[in-house]
Each structure stands twice: as structure tokens, then as C-alpha cells.
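One structure is given below, encoded as C-alpha cells.
These numbers come from a predicted model, not from an experiment.
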Amino acid sequence: MKKKKVYIIYTGGTIGMVRTPKGYAPYKGYMYRELEAVSELNADNMPEYIINEYDPLLDSSNISQQEWIKVAKDIEKNYHLYDGFVVLHGTDTMAYTASALSFMLEGLGKPVVVTGSQIPLWEVRNDARENIITALQIAAGYDIPEVSLYFNGKLFRGCRSIKTSSDTLDAFQSPNFPLLARAGVNIEVNYNMIIHPSLKKLNVLEFGNFPIAIVKIFPGMQTDVLKNILKPPLKGIIIEAFGVGNIPTRDENLEKVFREAADRGVVIIVCTQCLEGDAHIGVYETSRILVEAGAVSGYDMTTEAALAKLYYLFSKNYELEDIKRLVEENLRGELTKPLYTRGVYGV
Ligand code: ASP
């Protein structure tokens, strides 16, 4: 039988890093050699693969929209030549990249699996080997036409994933959404959850670079701090609020600060600081200011997905009202609206 073919994009990250006097850093050409030494990759049931090592290789802390576009365009260019795609990436911003690719790759009909590791491939005890092998198998052999993130036996929807551990091998979770697949003795796919594209053709939407902020609210936060952040040229802000979307409201100037920003067209998305559950403003009096300023609820979207979605919606050049409406709609499986709310402000 003809072997399946997978295109591997190697962007950098711990998976291929070496120790340097300045700390761990990626090293050109190293991944090719290391992968050649992984004998399992030549097994009969493994796909053929080709690896495109990027230059420069990056710690994912340095990855930005530019690299998201580069990866998306690379997938587009090679789309018809391969059965699936694996993106090797640092773990630090992997959930951001997986979220961004979910929005950029419209009409995706093949698997794109983003993975990496907490320990480099050259270390005797590492998680890189298993993550690469299984990511390759998933990319080649399963009907999962989504951007997913594979780590430690778990396949997550890319735009639902978050990094939750800096030092365990179980580094990712998707607290508000079930796994797309679990790789135990067998790879068990949760086929009911897999989204198939309605568009039949891949279309890459290149993100523009927009002034966006993410702010985590904390007790006693000064209004002036927010006022400064909300100043022009800001276009959009993701507020990580308390609980279901609450903020401190005792300073009466705060309302004006939000309203002025909203009147200038700043999109205000409210997400929750909680790992589980969602933000829907209007439940408590402490989110009234946000409702009245025209903020929108991020529901159970991760901050990473909210950020990617904002870039996506701005890049589409939609009207402000459409952007606000679409933030609250499910576009890529990134959010679930609660079936009921605990009482809505004004009702
Ligand atoms: N700093 C590394 C990176 O994100 C961490 C890792 O890959 O685990 O590139």
C-alpha cells in the first residue's frame, strides 16, 4: 500500500533545543539529524515525511503574527502534496499559534497537528519522541480536518487548548472542551466532536497586525492604568475578568473610561480568569459598566482563542457591529454559549 505523506514544519522550541552558555536555544540542522536517529519513524506503519526547518529557528516566545502567516502559507503551498501536516513548535506559545492557525486556515480539510515537547529530543528521557511519532500518525491516518494540538497522549482542538504546566509532561489542557482523541493503547478519536469544513477549498487569511491588549483584572486595579491602555491607537481589548465577567466598579470614573473607548470603536471582549466555565456579562451588577459600554462576552473562549479571533475579525475588515456579533458566535468550535444564564442584567 502506498505510504501516506506528512509535511513537518519545524519552527523551533525545546523539542530541538540544545544547551548553550546563554540557556536552551534552537540549533540549525540539529532536528534533521535527531529525527534520523528515531528508528520508529522508519517503521512500516509510519508515513513518509519531509521536514522544512525554518530559518531562524525560534523559541516560541519570539513567535508572532509573521510566523503564523509563514506557517499558514507554507501549509497552503504544500496542501495538495501531503495527507497531513505537523507543526513542531515551542510549548510556551503553542496554544496561541494553534488558535491563530485555526482561524487563518479557513476551509481546512486535512489534519494540522501542532506539537512540541518539554524535554529536547536528544535527552535520554524525553517526551519529544512520543509526541512526534503520535502526531505524525494522527496527521497521516485520521480524518481530523482541524488544527489540533497533540501533547502527552491527548489531542486537543487547537483553539480550545491552553498551556497549564511549565514543568510537567502533561503540559496542556482544554478545560471547557472534550479531547478530540486520546492516545493510549489505541488512538481513540472522539469523532462526534470533529468539525468538517463547510468550505471545500482551503483559504488562508493573512492576519494584519493590530494594536490589541489583554488585561487581567485584579483587586484594587487603578482606573488610570486601564485608561492608559484603552487610549488610541488601541483597537481591541480582551479583559480577563473575575468569575462570570465581573470587574471592580467602585471607582465611578471607570464607566467613563470604558464608554469613551467603546465610543471610539474599541472592541471589548470579556473572558474569565477561571480555568473552567464562562464569562457572560450582565449577571452581576459588577459587570453592568461593561454591558453599557457595549462590551461583548467571550463565554468559554480561552484568552488565546479570543486573541486569534480578534485578529481574524479585524483582518476581515468587518464593520464594528459585525465584529462584536461574531465574537459571540461560534466560528471554529472555539466557544460554547451556555444554554441558560443565571439572570441577565436588565431583565
Ligand atoms: N521556551 C520554549 C519555547 O516555547 C519552551 C518549550 O518549547 O517547551 O520555545
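Connection of L101 to I138 is not established within any shared hydrophobic cluster, with ILVMFWY side chains joined at heavy-atom distances below 4.5 Å, either directly or through further cluster members. Tracing side-chain contacts under 4.5 Å through hydrophobic residues (I, L, V, M, F, W, Y), one never reaches I195 starting from L331; they form parts of separate clusters. Note on I144: it does not cluster hydrophobically with V147, by side-chain heavy-atom contacts below 4.5 Å among ILVMFWY residues. F85 and V204 fall within the same hydrophobic cluster, defined by Ile, Leu, Val, Met, Phe, Trp and Tyr side-chain heavy atoms under 4.5 Å apart, directly or through other members. Hydrophobic cluster membership is shared by L202 and V114, with clusters built from Ile, Leu, Val, Met, Phe, Trp and Tyr side chains linked at under 4.5 angstrom.
Remark: side-chain polar atoms of T223 are not paired, donor with acceptor, to backbone N or O of L254 under 3.5 angstrom. With R182 contributing its side chain and G153 its backbone, the two residues share no donor-acceptor pair below 3.5 Å. Put simply, the side chain of K22 never gets that close to the backbone of R19: no donor and acceptor are under 3.5 Å apart. N176 contributes a side-chain N or O that, together with a main-chain N or O of G277, makes up a donor-acceptor pair within less than 3.5 Å. With hydrogens and angles disregarded, a donor-acceptor distance shorter than 3.5 Å links the side chain of N131 to the backbone of G116. Checked by atom type and distance alone, the side chain of K309 pairs as donor or acceptor with a backbone atom of L326 at under 3.5 Å. For the pair K154 (side chain) and A181 (backbone), a donor-acceptor distance under 3.5 Å is absent. Side-chain atoms of S161 come within 3.5 Å of backbone N or O of G158 as a donor-acceptor pair. The closest donor-acceptor contact from the side chain of T302 to the backbone of A305 lies under 3.5 Å. Side chain of T91 to backbone of S117: no donor-acceptor contact under 3.5 angstrom is found.
Note that CE of M94 and OG of S99 are 12.0 Å apart. Values are rounded to the nearest 0.5 Å. To the nearest 0.5 Å, the span separating NZ on K324 from CD on E329 amounts to 14.5 Å. Of the inter-residue distances, the one linking I75 atom CD1 with L108 atom CG reads 7.5 Å to the nearest 0.5 angstrom. Atoms CG and CD, on L58 and Q66 in that order, are 9.5 Å from each other to the nearest 0.5 Å. Once rounded to the nearest 0.5 Å, the distance linking CZ of F210 with OH of Y311 reads 8.5 Å. Remark: I247 CD1 to S287 OG distance equals 8.0 Å, nearest 0.5 Å.
For the 3.5 Å distance criterion, the side chains of T168 and D170 fail to qualify, holding no donor opposite an acceptor. Using modelled atom types, one finds no donor on one side chain facing an acceptor on the other under 3.5 Å when comparing K256 with N253. No side-chain donor from either of T11 and H89 sits under 3.5 Å from a side-chain acceptor of the other. Side-chain contact, E130 with Y150: a donor N or O sits under 3.5 Å from an acceptor N or O. For D74 and N78, the side-chain atoms include at least one donor-acceptor pair closer than 3.5 Å. Residues Y32 and E53 have side chains that never bring a donor and an acceptor to within less than 3.5 angstrom of each other. Under 3.5 Å, the side chains of E240 and T303 contain a donor-acceptor pair of N or O atoms.
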Kindly indicate, with the supporting measurements, whether the criterion side chain to side chain contact (heavy atoms under 4.5 Å, CB included) is fulfilled by W122 and Y30.
-> CA-CA 10 Å; W122 61 266; Y30 197 72; 3.4 Å; yes

Check the pair E334, R157 against salt bridge (Lys or Arg N to Asp or Glu O under 4.0 Å), reporting the backbone distance first and the verdict last.
-> CA-CA 8 Å; E334 76 283 5; R157 172 164 297 152; over 6 Å; no

In sequence, state the C-alpha distance, the side-chain angles, and the governing distance for E146 and H196, and then conclude on side chain to side chain contact (heavy atoms under 4.5 Å, CB included).
-> CA-CA 8 Å; E146 293 202 26; H196 292 266; over 6 Å; no

Could you give me the CA-CA distance, side-chain angles and deciding distance for N52 and Y10, then say whether side chain to side chain contact (heavy atoms under 4.5 Å, CB included) is met?
-> CA-CA 6 Å; N52 182 6; Y10 172 42; over 6 Å; no

Just do the salt bridge (Lys or Arg N to Asp or Glu O under 4.0 Å) check on R160 and D300 with the steps written out, would you?
-> CA-CA 9 Å; R160 288 283 193 164; D300 61 352; 3.0 Å; yes

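The number of heavy-atom neighbours closer than 6.0 Å to NZ of K70, taken from other residues, nucleotides and ligands shown, is above 12. Within 6.0 Å of NZ in K77 there are 12 or fewer heavy atoms belonging to other residues, nucleotides or ligands. The local environment of NZ in K163 is crowded, with over 12 non-hydrogen atoms from other residues, nucleotides or ligands closer than 6.0 Å. Residue K200 places its NZ atom among more than 12 non-hydrogen atoms of other residues, nucleotides or ligands, all under 6.0 Å distant. The local environment of NE2 in H80 is sparse, with at most 12 non-hydrogen atoms from other residues, nucleotides or ligands closer than 6.0 Å. The environment of E123 atom CD is dense: over 12 non-hydrogen atoms of other residues, nucleotides or ligands sit within 6.0 angstrom.
Using a 4.5 Å heavy-atom cutoff, the side chains of D278 and T272 are not in contact. Between F172 and T164, the closest side-chain pair of non-hydrogen atoms is not below 4.5 Å. With contacts defined as side-chain heavy-atom distances shorter than 4.5 Å, the pair I15/E34 does not qualify. Contact annotation: the side chain of Q65 never approaches that of E206 to less than 4.5 Å [non-hydrogen atoms, C-beta and beyond]. A heavy-atom distance below 4.5 Å is not found between the side chains of Y284 and F242. Using a 4.5 Å heavy-atom cutoff, the side chains of K3 and P47 are not in contact. Annotation: side chain of M31 is in contact with side chain of L121 (closest heavy-atom distance under 4.5 Å). Looking only at side-chain heavy atoms (C-beta outward), I8 and V87 stay at 4.5 Å or farther from each other.
In this structure, Y312 and F103 have tilted ring planes: the angle between them lies in the 30° to 60° band. Between Y7 and Y82, the ring-plane angle classifies as tilted under the 30° and 60° cut-offs.
Between E106 and R332 there is a salt bridge, since a side-chain N of the basic residue sits under 4.0 Å from a carboxylate O of the acidic one. The pair E321-R325 fails the salt-bridge criterion, with no side-chain N (NZ, NE, NH1 or NH2) lying under 4.0 Å from an Asp/Glu carboxylate O. A salt bridge does not link R264 with E260: every distance from a Lys NZ or Arg NE/NH1/NH2 to an Asp or Glu carboxylate oxygen is 4.0 Å or more.
Here the closest non-hydrogen pair linking S61 and D92 is OG-OD2, 3.6 Å. Summarising the geometry of A72 relative to M104, their closest heavy-atom pair is CB-SD, 3.7 Å, with the distance given to 0.1 Å. Heavy-atom minimum distance, S315 versus G208: OG-N, 3.0 Å. The nearest pair of heavy atoms linking L41 to M46 is O-CB, 3.5 Å. Heavy-atom minimum distance, Q118 versus D167: NE2-N, 3.8 Å.
Seen from the ring of Y27, R33 does not count as a face-on cation partner, given the 6.0 Å and 45° thresholds. Under the 6.0 Å distance and 45° angle rule, K110 counts as a cation-pi partner of Y79.
Of the candidates V327, V270, I268, L307, L307 is the only one forming a side-chain contact (heavy atoms from CB on, under 4.5 Å) with I238.
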